[in-house]
Peer 1: 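Sharing a structure below in structure tokens format, with a few things to ask.
All chains are named by letter (A, B, ...) in the order of the sequence lines, taking the proteins before the strands, and each is independently numbered beginning at 1.
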Amino acid sequence: MIVVWFLIKEGFKGLVRSKFAGAFTILIVWITLTILGLGYIIGRDTINAVNSLKAQFDINIFIRESASQEKIQDFADHLKALEEVEDFTFISKDKAAQKFQKEFGKDIYSVLDYNPLPPSFNLQLKPIYRNLASVESITSDLSEFSVIDEIKYKKNFLVMLEKYQRVILYIITGAFLLLCFISIILISNTIKMAIFSRRNTISTLKLIGATNNFIRAPFIIEGVLQGFLGASLASGMIYGLAYLLNNHLQSVVQYTVELNLPIFAVIVSFGSVMGLLGSIRAIRKFL
Amino acid sequence: MIVVWFLIKEGFKGLVRSKFAGAFTILIVWITLTILGLGYIIGRDTINAVNSLKAQFDINIFIRESASQEKIQDFADHLKALEEVEDFTFISKDKAAQKFQKEFGKDIYSVLDYNPLPPSFNLQLKPIYRNLASVESITSDLSEFSVIDEIKYKKNFLVMLEKYQRVILYIITGAFLLLCFISIILISNTIKMAIFSRRNTISTLKLIGATNNFIRAPFIIEGVLQGFLGASLASGMIYGLAYLLNNHLQSVVQYTVELNLPIFAVIVSFGSVMGLLGSIRAIRKFL
Amino acid sequence: MINFQNVACTFGSQDAGVKNINLNIGEDDFVFLVGPNGAGKSTLLRLIYMDCLPDDGLVQIKNYRSDKIREKDIPKLRRQIGMIFQDFKLLDDRNVYQNVAISLYISHHKTRKIKNEVHEKLNQLNLGHRVHYKPDNLSGGEKQMVAIARALIKDPIVILADEPTGDLDPRASIEVIDQLHKINQENKAVIVATHDYNLVKRVPDARIISLKDGQITSMI
Amino acid sequence: MINFQNVACTFGSQDAGVKNINLNIGEDDFVFLVGPNGAGKSTLLRLIYMDCLPDDGLVQIKNYRSDKIREKDIPKLRRQIGMIFQDFKLLDDRNVYQNVAISLYISHHKTRKIKNEVHEKLNQLNLGHRVHYKPDNLSGGEKQMVAIARALIKDPIVILADEPTGDLDPRASIEVIDQLHKINQENKAVIVATHDYNLVKRVPDARIISLKDGQITSMI
Ligand SMILES: Nc1ncnc2c1ncn2[C@@H]1O[C@H](COP(=O)(O)OP(=O)(O)OP(=O)(O)O)[C@@H](O)[C@H]1O
Ligand SMILES: Nc1ncnc2c1ncn2[C@@H]1O[C@H](COP(=O)(O)OP(=O)(O)OP(=O)(O)O)[C@@H](O)[C@H]1O
Ligand SMILES: [Mg+2]
Ligand SMILES: [Mg+2]
């Protein structure tokens with residue numbers, strides 16, 4: 001017990017003894033995890049932005065002039081029952097006229113004394129069905145209905161979005177994984193470097209009979225502390241940056257960062273675990 | 001001269017003597033500059049993507065039914081002369097009918113026996129004028145023309161784009177500058193750390209009468225070499241990644257990275273200069 | 001207790017280390033290891049605390065055999081040996097007190113006792129006024145004294161002292177050798193590698209082993 | 001040539017370093033600095049090569065004055081002094097040859113000459129077979145010899161030797177002291193801090209300066 005207590009104290013003292021090397025480890029963890037955290041937030045928000053763009057995708061279903069009110073109602077009921085449909089609105093002939101006015105700058109009644117525009121449904125699909133395959137199968141199913149004259153949707157928009165969404169998702173995920181990998185490499189090598197600069201201490205301790213565990217314990221405690229401190233600084237930094245953005249730079253960037261506790265918990269745990277594993281791995285090299 | 005030659009050789013030998021610390025410096029430069037390079041490319045391409053989105057912005061100018069062919073021609077000439085205009089096309093009544101068919105799924109002639117749609121101009125502005133202020137001033141100027149019935153453009157699209165473009169630009173520039181700053185901190189501290197692990201050599205050299213320049217020169221040469229090697233590895237890595245993406249992952253991400261020599265030249269120079277300045281700064285601490 | 005059978009340890013070189021060593025040191029022997037520079041004295045001591053293992057032959061200390069010892073038994077062996085290194089091997093980032101105390105923590109002593117013991121030993125070796133100094137701020141002799149204190153404090157079964165008085169003034173040297181002598185009389189083996197024949201004379205009943213070019217040339 | 005006027009250098013402590021030092025050493029003096037551990041011998045030498053500057057008083061070596069010397073003149077001074085450090089201060093990442101040669105590069109010798117000179121000096125000091133060894137693989141005495149070689153090779157105007165024979169066997173010690181004596185006879189000052197009275201006896205015409213508790217107690 002007394003030795004355990006001694007080793008814990010040694011771990012804390014190591015923070016000071018390692019001098020520049022220890023401070024450098026903390027700095028590296030700090031910087032790395034700050035980047036990792038910001039990378040995660042930026043990636044998350046970019047993906048969200050793309051998804052909200054995709055939310056603008058809709059399908060227009062034009063109804064035959066001749067369709068009876070009843071048949072239209074039947075069709076609406078069918079739409080309501082569809083698994084894939086998130087929401088839909090009925091655009092009556094009147095509403096279509098308003099839309100015409102917007103698109104072509106003319107009141108249809110000033111040109112004609114009746115309204116030639118057909119009524120239609122505007123349909124939003126659930127996010128997971130907003131892809132070409134689903135849309136095509138749904139529209140081909142719907143076009144069986146006799147009330148329907150024609151179904152229109154922005155196929156190009158969908159194709160483009162699908163393509164870019166995939167690119168963006170791949171790039172962001174790839175970049176994030178790469179960043180994680182690099183962080184791990186960086187932190188563990190920095191710890192190795194810091195321990196390398198004290199290899200004489202290690203070899204002397206071995207020579208005077210210290211067991212590997214006796215030598216290792218303080219270094220590991222020190223590594224965890226460094227990881228913890230670096231990660232805490234990173235959390236503080238991310239919080240600070242987000243606070244700055246949300247409260248003082250709103251007018252400039254008009255972008256709000258949402259933060260929640262789990263992000264910080266993950267960062268601090270990641271830092272500490274990296275400190276733990278990094279120092280275990282590093283010390284093995286010099287034992 | 002003999003001493004100069006000796007010091008240069010010492011610089012090269014230092015690469016080996018610094019052992020783990022030197023390899024670590026190279027690793028850090030490598031990783032940092034790879035991230036910096038990829039960051040630059042991603043940032044550049046994102047900005048380009050936003051700009052190409054913005055290229056889709058256009059203005060529709062509806063002409064009065066009553067306007068004479070001549071007046072329309074005059075107006076077209078006016079548009080052609082305008083500084084802000086990049087390109088425009090005339091949409092005749094017939095073309096408008098085709099557009100109607102696309103938008104509303106109906107042949108206008110099947111509804112009416114004449115075409116009530118007005119002719120219009122579709123106008124693209126030069127990129128720098130694709131912002132709300134310019135568009136508003138241009139449209140208000142144009143609306144003076146008597147041939148014009150109404151001018152329509154997607155104001156919301158423009159506003160949104162303008163807002164996001166600014167956000168994206170700020171974020172990318174900010175992130176890139178931050179990355180540069182972090183790289184500098186990281187590289188210079190790593191070099192400091194590597195030199196720190198050889199501070200005994202430095203103090204012994206001082207004690208046996210070496211001048212500061214004598215001590216410094218090999219470290220600086222070593223630093224430049226490390227920076228150069230790390231940057232070369234980073235260049236190779238970026239080239240490799242881009243090659244992989246362009247040649248083998250096309251089917252997955254459908255995104256092509258454009259590389260050119262200046263990028264690599266900048267990376268290698270940056271690495272070498274960082275090695276130079278970093279080692280000058282670091283050695284000063286221990287002299 | 002310590003037994004060398006035909007031991008060689010030559011670091012892959014023709015003229016380095018030791019060879020053909022046959023040696024038997026009893027539990028209460030006081031041994032002087034003498035010989036010119038590079039004769040192999042330090043190497044012989046390193047073989048005892050198993051910092052190098054023999055290329056050939058067998059070293060046996062109590063029941064630890066160089067051919068069968070497992071990695072994790074080496075610390076156990078070393079904890080029973082008090083070692084004074086020729087180059088001191090002090091821990092630069094710790095002060096004098098900590099340098100000595102760590103020896104006891106490694107052997108699992110009780111904290112309260114550690115504090116008292118360390119201070120007592122440091123006072124006894126005239127280092128009482130240097131307790132909080134880092135090694136870098138000590139004089140050469142003081143450093144050596146700290147190295148000696150670290151070895152003596154842990155109550156080992158054998159003490160290996162490699163040139164323990166090289167930086168000590170004559171009075172301190174005699175004090176150290178007398179202490180080693182006293183420890184030896186408590187039935188602990190002491191092996192001292194030295195060039196100082198005044199020390200050798202000071203312990204009349206000591207065995208003297210002479211080395212030259214890595215081989216034993218005479219043994220009393 | 002070397003002049004101390006009322007010098008103190010105490011590292012901010014009551015009982016450390018040296019004080020009240022008045023001393024004059026001529027260009028052809030051979031001086032032994034003796035005294036118990038912690039007396040201040042090394043500190044006095046450090047004052048000469050200006051590794052520490054006096055808190056009080058004035059140290060003057062040739063025309064270098066401790067109160068007026070500029071940072072960039074210190075290397076010039078040190079290049080004229082051959083220093084043998086008590087803890088050797090070899091460069092661990094260089095082999096024996098490089099450790100000695102660097103001394104000449106620092107003094108701007110010609111390369112061809114450097115190679116020959118270094119090998120000659122190493123052979124003379126019986127280190128010929130260790131030219132490519134790193135310090136870590138040398139015996140204690142061999143390390144000390146390398147440190148001596150590095151100081152002697154550069155043809156200085158004064159040699160400061162701090163306990164230069166602590167790890168050497170008696171024959172090597174005598175050889176070293178004889179070499180120092182020879183150098184001294186070429187009108188170069190030599191100052192040797194030592195505990196070994198056999199050495200002192202070996203140079204009958206030497207001055208002996210005794211230090212104790214940081215002060216000079218006797219001077220011949
Ligand atoms: N690790 C090593 N690798 C190669 N050679 C070595 C190594 N250690 C020692 N030697 C060589 O072996 C020889 C014996 O070394 P050792 O240190 O045992 O000598 P020693 O008797 O202690 O000498 P000294 O009195 O100078 O300390 C020396 O010539 C040395 O150069
Ligand atoms: N940098 C320092 N800071 C504080 N105290 C110091 C420092 N250097 C030396 N001392 C103290 O000053 C005293 C004189 O040291 P010095 O090294 O000059 O002794 P010395 O005569 O060379 O002894 P030795 O024979 O043991 O080498 C010692 O007690 C030492 O602890
Ligand atoms: Mg030895
Ligand atoms: Mg001294």
Peer 1: Once you round to the nearest 0.5 Å, how far does CG of B:Leu27 lie from CD1 of A:Ile185?
Peer 2: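 Result: 7.0 Å between the selected atoms.
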Peer 1: Calculate, to the nearest 0.5 Å, the distance between atoms CG and CG belonging to B:Asn200 and A:Asn200 respectively.
Peer 2: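 Between B:Asn200 CG and A:Asn200 CG, I get 8.5 Å after rounding to 0.5 Å.
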Peer 1: Taking the side chain as every heavy atom from C-beta outward, state whether B:Leu38 and A:Leu178 have any pair of such atoms under 4.5 Å apart.
Peer 2: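 With C-beta onward as the side chain, the pair touches.
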Peer 1: Using non-hydrogen atoms only, which part of B:Leu179 is less than 4.5 Å away from chain A: side chain, backbone, both, or neither?
Peer 2: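 When you check distances to chain A, only side chain atoms of B:Leu179 fall under 4.5 Å.
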Peer 1: Taking atom CD1 of A:Ile31 and atom CG of B:Asn189, what is their separation to the nearest 0.5 Å?
Peer 2: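 Output value for this atom pair is 7.5 Å.
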Peer 1: Students often mix this up, so state it plainly: with edges at 30° and 60°, are the rings of B:Phe196 and A:Phe20 parallel, tilted or perpendicular?
Peer 2: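 B:Phe196 and A:Phe20: tilted rings.
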Peer 1: Counting only non-hydrogen atoms closer than 4.5 Å, does B:Leu169 touch chain A with its backbone (N, CA, C, O), its side chain (CB onward), both, or neither?
Peer 2: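 B:Leu169 has no heavy atom closer than 4.5 Å to chain A.
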Peer 1: For A:Lys19, is it the side chain, the backbone, both, or neither that has a heavy atom closer than 4.5 Å to a heavy atom of chain B?
Peer 2: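 When you check distances to chain B, only side chain atoms of A:Lys19 fall under 4.5 Å.
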Peer 1: For a side-chain contact (heavy atoms from CB on, under 4.5 Å) check, start with the C-alpha distance between B:Ile28 and A:Ile28, then their side-chain angles and the critical distance, and finish with the verdict.
Peer 2: CA-CA 11 Å; B:Ile28 288 271; A:Ile28 289 272; 4.2 Å; yes
Peer 1: By a 4.5 Å heavy-atom criterion (distance strictly below it), what part of A:Ile35 contacts chain B: side chain, backbone, both, or neither?
Peer 2: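 Side chain of A:Ile35 only, per the 4.5 Å heavy-atom cut-off to chain B.
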Peer 1: Which bit of A:Thr190 is near chain B, if near means a heavy-atom gap under 4.5 Å: side chain, backbone, both or neither?
Peer 2: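 Its backbone and side chain both get close to chain B.
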Peer 1: Got more than 12 heavy atoms from elsewhere within 6.0 Å of CZ, A:Phe90?
Peer 2: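 Yes, because the 6.0 Å sphere around CZ of A:Phe90 holds more than 12 heavy atoms from other groups.
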Peer 1: More than 12 heavy atoms of other residues, nucleotides or ligands under 6.0 Å from OH of A:Tyr40: is that the case?
Peer 2: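 Open.
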Peer 1: Return the orientation label for the B:Phe24 and A:Phe24 ring planes: parallel under 30°, perpendicular over 60°, tilted otherwise.
Peer 2: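 Judged by the thresholds at 30° and 60°, the geometry between B:Phe24 and A:Phe24 is perpendicular.
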Peer 1: Does atom CZ (A:Phe286) have a neighbourhood of more than 12 heavy atoms from anything else shown, all under 6.0 Å?
Peer 2: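 Yes - once you tally the heavy atoms of other residues, nucleotides and ligands closer than 6.0 Å, there are more than 12.
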Peer 1: How about B:Tyr239: does its OH atom have over 12 heavy atoms from other parts shown lying under 6.0 Å from it?
Peer 2: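 Incorrect, the count does not exceed 12.
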Peer 1: Check whether A:Ala194 gets within reach of chain B through its side chain, its backbone, both or neither, counting any heavy atom under 4.5 Å.
Peer 2: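 Both backbone and side chain.
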Peer 1: Between B:Ala21 and A:Met193, which heavy-atom pair has the shortest distance, and what is it?
Peer 2: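 Heavy-atom minimum between the residues: CB-CE, 3.3 Å.
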Peer 1: Relative to chain A, which segment of B:Ile151 carries a heavy atom at a distance below 4.5 Å: side chain, backbone, both, or neither?
Peer 2: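 Neither part, no heavy atoms under 4.5 Å.
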